[in-house]
Colleague: 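Here you go, one structure.
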Amino acid sequence: MIQMPLIDDSNQLLDRELMADIASHYTQNNGHIIDKNGNTWIRWRVDGLDAWWRLFEEIIDKPMGRRLANSACDEEEHLLSEGIIEATGLFKTSKVNKLVEKRWRVNGWGSPNYKKMLFSSKVLTPIMAGIFQAQKERMDSTRYKMRWENKSADDCMLSFEQSSQIIQPASGKLNSLSPGIPYTVEVESDWKIDGVSHFLLPSGLFIRLQQSCAGLTANLSDDERNCWPSLDDGFLSLAIASKKLFIAGQEIFLAADADGWKENCAAHFGSIGLSIPSTVEMIDSRGAVRLNFNELRNPALSIGCLAGAWERCEGRPVKVSYSISDQKHVITLQSKYEMSQIGD
């Protein structure tokens with residue numbers, strides 16, 4: 001009898017060219033995904049971001065699509081100021097278009113068409129509309145007013161009107177980080193992981209979104225607020241949406257001790273760019289834990305996920321404390337109902 005070699009179907013589906021492009025554009029260091037200019041990024045599932053956005057808008061209690069588009073536009077404008085899509089010489093326009101198309105492909109954004117003013121993407125429409133606008137403004141050296149219209153679940157048409165308004169260039173929101181080892185992630189075509197669509201988004205986008213919530217009051221009870229640090233409602237809305245998303249997910253997060261917390265944080269959060277703790281300390285016999293981070297690029301998102309992980313582990317409501325001491329981020333998670341006497 002002739003025995004046929006076993007073939008791993010999953011390996012046959014991998015997009016090696018895309019994986020190589022991702023590894024050449026990004027590195028990973030201490031739970032951060034870092035581009036060539038030191039900017040950090042977050043990996044999202046398509047359905048995860050969609051669900052997170054619905055939760056966030058419910059909590060902040062206001063339609064936020066335009067603010068999300070503006071946040072994405074400003075962040076992309078800042079990133080493009082580093083010369084990412086610049087070209088010179090003959091066929092300049094063609095070269096720039098190829099650079100833009102590659103940027104969309106490497107990040108899992110879909111495909112843009114600047115001739116027809118439309119794009120196809122599984123990412124939230126306001127985000128991609130904002131990114132599209134920033135790229136068009138960069139290519140044309142012109143400010144525009146932008147409107148978008150969804151033609152289908154993935155396809156969006158945009159219209160632009162030249163603006164005479166003087167707008168200062170967007171500045172960076174985060175300091176740059178040193179590169180690490182190449183970011184290796186097994187993806188199939190169109191940035192799918194195990195058949196599920198994923199993509200990368202810059203960390204600064206969510207910092208801008210949080211800041212755009214200034215002056216808004218979230219729909220939170222006093223009891224809910226008492227479980228969180230006394231921070232702005234934008235921070236709380238991002239964090240609580242992240243907590244609820246993690247609890248609703250299917251990730252298995254089992255951490256019985258400090259080592260378990262470090263291992264699970266690296267697996268669940270470090271792998272997607274939300275950082276990993278430098279040290280972890282169990283501070284009582286009822287599951288309370290203190291996590292120290294040397295760098296936390298998106299505190300609201302990371303703290304929200306950690307709070308969700310604690311509730312998944314312990315099966316009880318969590319009380320969250322957060323402080324910055326000696327440039328280190330200190331997060332304490334403990335039972336809402338069994339408050340420990342925890343010293344600083």
Side-chain angles (χ1 to χ4, degrees), residues 13-28 32-46 49 69 72-125 127-141 146 148 154-158 160 170 172 176 179-193 196-205 272-273:
L13 296 173
L14 295 179
D15 188 332
R16 301 290 179 181
E17 181 180 355
L18 177 56
M19 290 167 58
D21 282 339
I22 294 169
S24 69
H25 281 77
Y26 294 99
T27 62
Q28 192 164 25
H32 299 109
I33 301 170
I34 308 167
D35 68 20
K36 293 179 180 179
N37 294 302
N39 305 297
T40 52
W41 295 67
I42 302 170
R43 190 180 85 203
W44 287 88
R45 282 175 54 138
V46 166
L49 184 64
C73 183
D74 287 348
E75 182 63 16
E76 180 70 356
E77 177 182 299
H78 164 64
L79 296 177
L80 295 183
S81 70
E82 298 165 340
I84 297 170
I85 61 169
E86 303 299 315
T88 58
L90 296 173
F91 312 111
K92 176 182 175 180
T93 300
S94 176
K95 293 176 182 177
V96 169
N97 284 334
K98 288 181 179 179
L99 289 171
V100 170
E101 289 170 1
K102 184 172 184 178
R103 181 167 177 77
W104 281 58
R105 188 178 71 86
V106 169
N107 291 325
W109 292 346
S111 58
N113 187 323
Y114 281 92
K115 290 183 179 179
K116 296 182 177 180
M117 292 296 111
L118 57 84
F119 64 80
S120 179
S121 177
K122 295 185 180 301
V123 186
L124 282 172
T125 296
I127 290 178
M128 296 319 303
I131 288 174
F132 192 104
Q133 179 182 358
Q135 293 172 348
K136 180 170 175 56
E137 289 183 342
R138 185 74 182 183
M139 290 187 282
D140 296 351
S141 300
M146 178 269 292
W148 72 81
D154 296 342
D155 299 326
C156 180
M157 182 77 69
L158 299 102
F160 293 93
S176 61
I181 60 174
Y183 179 48
T184 55
V185 55
E186 294 190 343
V187 297
E188 301 150 19
S189 61
D190 300 324
W191 245 102
K192 291 180 179 178
I193 300 176
V196 179
S197 295
H198 289 67
F199 52 84
L200 297 173
L201 289 176
S203 299
L205 188 163
I272 62 173

Colleague: Looking only at non-hydrogen atoms, find the nearest pair between Phe119 and Leu158 and report the distance.
Modeller: CD2-CD1, 3.4 Å
Colleague: State, to 0.1 Å, how close Met128 and Ser121 come at their nearest heavy-atom pair, and which atoms those are.
Modeller: CG-OG, 3.4 Å
Colleague: Are Trp104 and Gln135 linked by a side-chain donor-acceptor pair shorter than 3.5 Å?
Modeller: yes
Colleague: Is there a side-chain contact between Phe160 and Met117 in this structure, where contact means two heavy atoms from C-beta onward sitting under 4.5 Å apart?
Modeller: yes
Colleague: Output, in order, the C-alpha distance, side-chain angles, deciding distance and verdict of side chain to side chain contact (heavy atoms under 4.5 Å, CB included) for Met19 and Thr184.
Modeller: CA-CA 7 Å; Met19 290 167 58; Thr184 55; over 6 Å; no
Colleague: Would you name the heavy atoms of Val187 and Leu18 that are closest together and state the gap between them?
Modeller: CG2-CD2, 3.8 Å
Colleague: Aromatic ring centroids of Phe132 and Tyr114 under 6.0 Å?
Modeller: yes
Colleague: For the pair Asp15 and Ser189, evaluate side chain to side chain donor-acceptor pair (under 3.5 Å) and give the outcome as yes or no after the intermediate values.
Modeller: CA-CA 5 Å; Asp15 188 332; Ser189 61; 5.3 Å; no
Colleague: Any side-chain donor paired with an acceptor under 3.5 Å for Tyr183 and Arg43?
Modeller: yes
Colleague: Asp140: what forms a salt bridge (Lys or Arg N to Asp or Glu O under 4.0 Å) with it, not counting sequence neighbours?
Modeller: Lys136
Colleague: Kindly write out the residues that satisfy salt bridge (Lys or Arg N to Asp or Glu O under 4.0 Å) with Glu86, not counting sequence neighbours, or none if the list is empty.
Modeller: Arg138
Colleague: Taking C-beta and beyond as the side chain, do Lys192 and His198 meet within less than 4.5 Å on heavy atoms?
Modeller: no
Colleague: Would you check, one step at a time, whether the test side chain to side chain donor-acceptor pair (under 3.5 Å) holds for Asp21 with Tyr26?
Modeller: CA-CA 9 Å; Asp21 282 339; Tyr26 294 99; over 6 Å; no
Colleague: Do Arg103 and Glu76 sit within salt-bridge range, that is, some charged N less than 4.0 Å from a carboxylate O?
Modeller: yes
Colleague: Would Ile127 and Leu201 count as a side chain to side chain contact (heavy atoms under 4.5 Å, CB included) here? Give the steps.
Modeller: CA-CA 9 Å; Ile127 290 178; Leu201 289 176; 3.8 Å; yes
Colleague: Report yes if the side chains of Leu200 and Trp44 come closer than 4.5 Å at any heavy-atom pair, otherwise no.
Modeller: no
Colleague: May I ask you to test the Ile34-Asn39 pair for a side-chain heavy-atom distance under 4.5 Å?
Modeller: no
Colleague: How about Phe199 and Trp109: are their ring centroids closer than 6.0 Å?
Modeller: no
